[in-house]
Amino acid sequence: MTHNTMKYTLAAAALSVAADAFADTVTLAEAGTLEQALSDKVATVTELSVSGPVNAADLYYLGQNAAKLTALDLGDATIEAYRGTKKLHGFANYEAALIPAGAFGGTALKSVVLPLQEGLTIGAMAFANTSLTALPDLSRVAEVDDGAFTGCAGIVAVTWPAAKMGKNVFAGSGVQTVSFTADATALPAGTFSGCAALKSVAGSDKVTSIGDQAFENCANLSVFAFSPAITEVGAEAFRATGLEKVELGSAALRSVGAFAFANCPALETVTLGGSAVELGEGIFFDDTALTTVTLPSAAPELSAFILKGAPKAVVEIPATVKTIGKYALKDNTAIQKLTIPGNVTAIGDGAMENMTSLTDIEARTLTTVPELGDQVWAGVDQSKVWLMVADELHGQFMEAPQWRDFKVDWPSSGQDDIEVNKTDQHNLLARFQGDVLELSAPGAVIATVRLFDISGMLLATVSGNGRDSLSIDTAPFANPFFVVNVTLDGGGTATLKLRR
């Protein structure tokens with residue numbers, strides 16, 4: 001059907017009628033008179049072309065009464081302002097060039113031709129949950145408001161328009177492919193949220209800002225090309241997607257929102273750049289396949305839940321981090337050696353809970369003992385983990401709750417020949433009972449024990465007398481730190497650093 005094929009005035013409208021449905025062209029002389037033109041035939045019209053002036057009253061009338069309308073052509077219509085005494089959906093005033101909010105939401109429309117007038121606005125939810133099989137031509141549209149095409153299962157391809165876009169415009173729709181143009185630099189919140197069929201995105205390397213939940217629950221989206229100039233990724237922007245890799249090494253990056261890449265079961269590698277990046281909570285929460293993570297070099301915080309439930313992830317905490325949030329590394333079983341940067345002053349509840357592979361903590365650059373939340377190391381066998389700290393902080397770490405449960409590596413002895421042998425020492429059992437040091441070497445014979453202070457001064461030499469255990473009274477020695485060197489019968493040696 002072409003525009004102007006048939007022209008009718010309101011006074012002499014000729015309507016083509018079939019038994020239960022019909023196609024028609026109506027030309028109006030005055031806006032607000034479409035109801036009179038269609039009259040009782042509105043319930044059966046399936047295809048309709050409208051020419052002349054219309055307004056919000058006409059468009060709402062169609063949306064509410066033309067139950068069988070599947071094709072609407074407004075190409076020769078002009079939308080005028082509505083200034084009525086009767087309120088429409090709670091409002092008495094509607095601007096010109098506006099398809100009002102919710103006008104055709106939930107209808108049977110499969111196709112629509114929009115008016116050709118410049119500066120057109122498509123109101124919020126205007127075509128939501130319709131049966132549209134394709135996106136109408138948006139080239140003359142100035143603005144598309146929130147949720148305009150949300151839930152349109154038949155729209156499978158989107159070419160991003162030059163129009164100003166609202167939130168959730170295509171959320172929950174059937175979109176499978178998206179093409180961005182040079183006009184697309186910012187994606188509003190929820191734009192493609194819940195588009196489970198979305199697989200392909202082209203031109204996204206121009207997008208510099210991605211709103212909250214923009215691609216949330218796009219389970220089939222496996223690849224996304226991030227712009228080298230990207231500055232912001234919103235909260236939950238890619239949560240529960242099929243992404244396999246995230247390359248955000250841009251120096252322009254400033255923020256990554258909470259749970260931005262959480263619950264992505266296929267995500268394996270991540271690189272985040274930027275020099276002053278704000279990292280939201282739980283960015284990689286429950287990413288079970290994640291193995292390699294590079295965080296921004298100047299991040300001020302390792303945020304709460306950031307890698308909780310990512311058991312395979314190996315990460316180096318940036319030197320600039322001052323606080324480690326609660327449950328930040330909970331359930332990580334891949335990290336064996338953890339470096340705590342010197343700027344860290346506080347670690348939150350359960351931050352390292354269930355890090356069961358942990359063997360060493362490098363913390364020698366710390367200048368104070370960080371404050372700890374509750375159960376920071378729950379599930380970690382601290383008796384088997386070496387904690388290396390600065391000499392001047394040994395005493396404080398040995399006294400601090402939770403920290404003192406580690407094997408705190410002690411101050412340097414002052415003698416090069418006295419070193420801790422971490423392998424042999426597991427064959428030697430040692431403990432203090434008050435001032436008495438009790439030593440035992442199951443399955444071996446103790447030949448000689450030499451007791452040093454931490455400066456390397458020899459305090460005592462004790463013979464084992466062919467036994468596998470002995471006791472040494474350390475009460476005469478004021479300093480509570482000792483280096484114990486044990487020679488076993490047959491030449492084996494073990495060295496321990498102990499605190500009384």
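The figures that follow rest on heavy atoms only: side chains count, while hydrogens, waters and symmetry mates do not.
A pairwise comparison of heavy atoms in Ala126 and Pro100 identifies CB-O, 3.8 Å as the closest pair. Smallest separation of non-hydrogen atoms from Cys264 and Ala240: SG-N, 4.0 Å. The two residues Ala108 and Ser131 come nearest to each other via the heavy atoms O-CB, 3.7 Å. Heavy atoms only, all atoms of each residue included: Met398 and Arg404 are closest at O-CB, 2.9 Å. The nearest pair of heavy atoms linking Lys330 to Gly350 is CB-O, 3.9 Å. Closest heavy-atom contact between Val376 and Ile347: CG1-CG2, 3.8 Å.
The structure places OH of Tyr94 at 13.5 Å from CD1 of Ile99, a figure rounded to the nearest 0.5 Å. Atom CZ of residue Arg450 and atom CG of residue Asn485 lie 4.5 Å apart, to the nearest 0.5 angstrom. Atom CD of Glu216 and atom OG1 of Thr191 lie 12.5 Å apart (nearest 0.5 Å). Separation of atoms OG1 (Thr121) and CD (Glu95) is listed at 9.5 Å; rounding is to 0.5 Å. Atoms CD and CD1, from Glu247 and Ile230 in turn, are 12.5 Å apart once rounded to the nearest 0.5 Å. Between atom CD1 of residue Ile283 and atom NZ of residue Lys308 there is a gap of 15.5 Å, rounded to the nearest 0.5 Å.
The environment of Glu438 atom CD is dense: over 12 non-hydrogen atoms of other residues, nucleotides or ligands sit within 6.0 angstrom. In this structure, Lys206 places its NZ atom where more than 12 heavy-atom neighbours from other residues, nucleotides or ligands lie under 6.0 Å away. Under a cut-off of 6.0 angstrom, the local environment of CZ in Phe91 is sparse, with at most 12 non-hydrogen atoms contributed by other residues, nucleotides or ligands. The number of heavy atoms from other shown groups lying within 6.0 Å of CD (Gln64) is above 12.
Panel note: side chain Ser209, backbone Ala186; no donor-acceptor pair is recorded below 3.5 Å. In this structure, the side chain of Asp360 does not engage the main chain of Lys337 through any donor-acceptor pair within 3.5 Å. Side chain of Ser357 to backbone of Ala334: no donor-acceptor contact under 3.5 angstrom is found. At distances below 3.5 Å, at least one donor-acceptor pair connects side-chain atoms of Asn343 with backbone N or O atoms of Ala319. The main-chain N or O of Phe104 is found under 3.5 Å from a side-chain atom of Thr107 such that the two form a donor-acceptor pair. Distance alone, capped at 3.5 Å, places no donor-acceptor pair between the Ser469 side chain and the Ser440 backbone. Proximity of a side-chain donor or acceptor of Glu232 to a complementary backbone N or O of Ile210 within less than 3.5 Å is not detected. In this structure a side-chain-to-backbone donor-acceptor pair under 3.5 Å is missing from Thr271 to Gly249.
Between Phe406 and Trp377, the angle of the ring planes goes over 60°, which puts this pair in the perpendicular group of the 30/60° scheme. Using cut-offs of 30° and 60° for the angle between ring planes, the Phe477 and Phe482 rings count as perpendicular. Aromatic ring pairs are classed by plane angle as parallel below 30°, tilted from 30° to 60° and perpendicular above 60°; the pair Tyr60 and His89 is parallel. Ring geometry, Phe285 versus Phe305: the interplanar angle exceeds 60°, so the pair is classed perpendicular (tilted spans 30 to 60°).
A donor atom on one side chain and an acceptor atom on the other are not found under 3.5 Å apart for Thr356 and Asn354.
Inter-residue side-chain proximity for Thr150 and Met125 is flagged as met; some heavy-atom pair is nearer than 4.5 Å. Side-chain contact check for Val169 versus Phe192: every heavy-atom pair is 4.5 Å or farther apart. Counting heavy atoms from C-beta on, the side chains of Val141 and Glu143 never come closer than 4.5 Å. Here the side chains of Leu187 and Phe215 are in contact, with some heavy-atom distance below 4.5 Å. Within the 4.5 Å cutoff, side-chain heavy atoms of Leu338 are placed close to those of Leu358. By the 4.5 Å heavy-atom criterion applied to side chains, Ile446 and Leu470 are counted as neighbours. Two residues are said to be in side-chain contact when any heavy atoms from C-beta on lie closer than 4.5 Å; Leu437 and Val484 meet this criterion. Using a 4.5 Å cut-off on side-chain heavy atoms (C-beta onward), Val315 and Ile335 make contact.
A search for ring-ring contact (aromatic ring centres under 6.0 Å, His included) contacts involving Phe261 returns Phe238, not counting sequence neighbours.
Judged as a side-chain hydrogen bond (donor to acceptor under 3.5 Å, both in side chains), not a single pair has a partner in residues 318-327 (not counting sequence neighbours).
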